[in-house]
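Worksheet for the structure shown next.
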Amino acid sequence: MRYKFLPALALVAATGWLVRLALEASWAHFVEMCPNTDVLSWDANLRMLAVLDQFQDFASGDWLRALFPLFDAPTWPPLRAIIALIVFGLNPGGPDTLLDVAISFVFYVLVFPSMLIIAFELSRDWLRAAVIFFFASVLVLHTRELPVFGVSAMLETQGMFFMLWTLFFLHKVYERHEYREASVILRERRDLPGKRRCVWGLLIFSQGLFHTKYPYGVMLILALSALEVLRNPKQLVDLVTLYLTRHMTGRRWFHYVLNALKILALLAFAYVMIQRADIPAKTVKYAVYAVVLVFFIDFNVYLVQYRWPLRRLIDGVTRHVYLAVILPAAVWMLLPPDRVSSILGTQQHVQDASRSFFASLGADVFDDSRPFLIFLACALLALGVLGFQALRRRFGLASTSAAEDATRVEALGRPLMAVTVAMLLQFVILEILTGNKQLRHIYHLVPAILVLIGAWVMRLPRLIPAGKDAPPAFVRLRRISVVMALLQPLI
């Protein structure tokens with residue numbers, strides 16, 4: 001064990017030293033070269049002005065007026081304002097634009113140790129985690145704009161931090177579920193994290209992501225919803241079947257009320273959409289809000305009413321994802337209609353519409369895209385090998401020993417596969433649903449993506465069988481993958 005831990009410790013220390021030098025240089029350059037540290041730019045300036053008004057209201061004792069914007073928050077969630085108010089309150093000099101910038105910089109600094117912890121969570125090996133940490137840290141530091149956002153009072157670095165830790169606890173939730181199912185096949189006892197700790201961690205950090213920027217949370221909700229449908233489509237069929245056959249035909253008074261509200265909401269929505277050209281855009285958004293609100297209330301009444309039958313139909317992962325990620329965010333989002341209106345307006349904004357997020361990630365994010373593209377190709381190779389093994393098992397082309405090894409690999413790979421697909425789906429959702437293709441809309445995903453790519457590259461040698469029954473092409477491929485994994489920190 002020591003022969004792995006000591007090199008890992010040395011690599012982590014060297015990476016930490018490099019990161020520290022880069023961060024110190026970045027902050028010193030900002031303080032020395034910024035022409036006017038009393039003025040912020042873009043959205044940061046508008047948020048700062050709102051926080052200054054709230055700070056003055058708190059100072060004058062008008063607490064209700066100070067708290068109202070935190071609960072209203074139609075455009076920007078209240079989390080950043082709360083953090084800024086606490087920091088300004090603790091500062092003897094009161095509000096300061098440098099302190100607002102420092103909040104973003106602190107989140108940027110926290111991204112790096114977070115990547116190390118999450119790399120270990122995905123690899124469960126300190127040497128592999130150290131290599132992933134080095135790879136991800138160097139590429140983050142060599143992006144074209146992320147270091148700038150670290151000293152700009154923007155929300156991207158805060159989103160990076162919460163996205164990483166959402167990934168961490170999401171992986172734990174899937175891992176707990178998958179290892180419980182695989183323990184019988186593998187005949188192993190494995191210490192699993194407590195269920196409450198996983199769910200509470202997912203709740204805190206996913207809501208932290210949602211309350212950093214509403215679109216971040218909406219993308220995560222849509223991605224996890226799609227992932228759960230893809231992972232177990234039978235659950236969706238059972239859910240809809242029970243809804244149509246039991247809930248829609250209920251004879252209690254609230255069934256009649258909810259069904260009448262749904263019909264009225266759909267009729268109003270249909271009328272608004274037909275007459276859309278003659279109706280203000282905000283009215284259309286309110287119509288969407290009314291339909292979503294009525295069906296959301298009806299759906300949750302259905303979940304509560306049939307909670308015991310649904311507990312047998314829906315597995316623990318889906319329940320935890322809904323209760324920790326989807327339900328709290330949806331309740332907050334639907335409280336006032338202006339939040340839904342603001343989110344829909346953001347989605348309709350068009351800027352750089354001809355750009356593709358996938359192409360931009362490979363061409364425009366990094367100073368030199370070649371290292372990223374090389375290891376992205378290796379990560380895709382790992383996914384391809386996993387898919388090839390699944391096909392061999394499905395068609396009975398693997399021998400008994402190889403099938404056992406493939407079953408083990410499948411059990412080990414599922415949690416990582418789940419979080420990888422969740423990240424990929426967020427890109428797909430952004431690509432399809434919005435014409436606003438500014439690069440900063442994917443920056444909160446970049447550190448998590450780099451950690452995932454590093455994890456798949458380090459897993460590649462373990463995915464390729466090397467026994468007597470392995471095909472000759474797999475043996476050669478395994479040798480190449482070992483070399484690529486070792487070269488990861490050098491390239």
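Note that these values count all heavy atoms, side chains included, but never hydrogens, waters or copies made by symmetry. We count residues from 1, following the sequence as given.
- Using cut-offs of 30° and 60° for the angle between ring planes, the Phe88 and Phe55 rings count as perpendicular.
- Expressed to the nearest 0.5 Å, how far OG1 of Thr420 lies from CG of Leu425 amounts to 11.0 Å.
- At least one side-chain heavy atom of Ser137 sits less than 4.5 Å from a side-chain heavy atom of Met115.
- No side-chain heavy atom of Phe162 sits under 4.5 Å from any side-chain heavy atom of Leu220.
- The main-chain N or O of Glu145 is never found under 3.5 Å from a side-chain atom of Arg440 such that the two would form a donor-acceptor pair.
- A distance of 8.5 Å separates CG of Leu202 from CD of Gln207, quoted to the nearest 0.5 Å.
- Residues Val317 and Glu228 have side chains in contact (heavy-atom distance under 4.5 Å, counting atoms from C-beta outward).
- In this structure, the side chain of Arg144 engages the main chain of Phe366 through a donor-acceptor pair within 3.5 Å.
- For the pair Arg80 (side chain) and Ile103 (backbone), a donor-acceptor distance under 3.5 Å is absent.
- Annotation for Ala223 and Ile429: closest pair N-CD1, 3.4 Å, computed over non-hydrogen atoms.
- Taking both residues in full, the closest heavy atoms of Leu323 and Leu203 are given as O-CD1, 4.5 Å, listed atom of the first, atom of the second, then distance.
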Can you check side-chain contact (heavy atoms from CB on, under 4.5 Å) on Trp27 and Val151, steps first, answer last?
-> CA-CA 7 Å; Trp27 182 258; Val151 289; 3.9 Å; yes
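- One N or O on the side chain of Ser104 and one on the backbone of Met154 form a donor-acceptor pair closer than 3.5 Å.
- Using a 4.5 Å heavy-atom threshold, the side chains of Tyr216 and Met163 count as separate.
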Report the C-alpha distance between Phe358 and Val428 in whole Å, list the side-chain angles of each, state the deciding distance to 0.1 Å, and finish with yes or no for side-chain contact (heavy atoms from CB on, under 4.5 Å).
-> CA-CA 9 Å; Phe358 288 101; Val428 174; 3.9 Å; yes
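- Between the side chain of Ser225 and the backbone N or O of Ile221, at least one donor-acceptor pair lies under 3.5 Å.
- Between Ser114 and Trp165, some side-chain heavy-atom pair lies under the 4.5 Å cut-off.
- To the nearest 0.5 angstrom, Leu139 atom CG is 9.0 Å from Phe375 atom CZ.
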Kindly indicate, with the supporting measurements, whether the criterion side-chain contact (heavy atoms from CB on, under 4.5 Å) is fulfilled by Val111 and Leu164.
-> CA-CA 8 Å; Val111 162; Leu164 281 168; 3.9 Å; yes
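- Interatomic distance, Asp315 CG to Thr318 OG1, rounded to the nearest 0.5 Å: 4.0 Å.
- You'll find the side chain of Asp96 stays beyond 4.5 Å of the side chain of Val87, heavy atoms only.
- Arg47 and Ala153 get closest at one heavy-atom pair: NH2-O, 3.1 Å.
- Glu121 has a carboxylate O that lies under 4.0 Å from a charged side-chain N of Lys172, or vice versa, which qualifies the two as a salt bridge.
- A distance-only check finds no donor-acceptor pair linking the side chain of Thr157 to the backbone of Gly150 [under 3.5 Å].
- Between the side chains of Tyr214 and Trp332, at least one donor-acceptor pair of N or O atoms lies under 3.5 Å.
- A 4.5 Å side-chain heavy-atom check between Lys213 and Glu156 finds at least one atom pair inside the cut-off.
- Annotation: side chain of Leu23 is in contact with side chain of Phe112 (closest heavy-atom distance under 4.5 Å).
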Show your reasoning for whether side-chain contact (heavy atoms from CB on, under 4.5 Å) applies to Leu416 and Leu452.
-> CA-CA 8 Å; Leu416 181 58; Leu452 286 171; 3.6 Å; yes
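- If you take CD1 on Ile453 and CH2 on Trp456, they are separated by 12.0 Å, rounding to the nearest 0.5 Å.
- Contact detail for Pro328 and Ala324: the closest heavy-atom pair is CG-O, 3.9 Å.
- Rounding to the nearest 0.5 Å places CD1 of Ile83 at 4.0 Å from CZ of Phe107.
- Under 3.5 Å, the side chains of Thr97 and Asp100 contain no donor-acceptor pair of N or O atoms.
- Counting heavy-atom neighbours within 6.0 Å of Arg20 CZ, excluding the residue itself, gives a total of 12 or less.
- Classification of the Phe205-Phe169 ring pair by plane angle, with boundaries at 30° and 60°, yields parallel.
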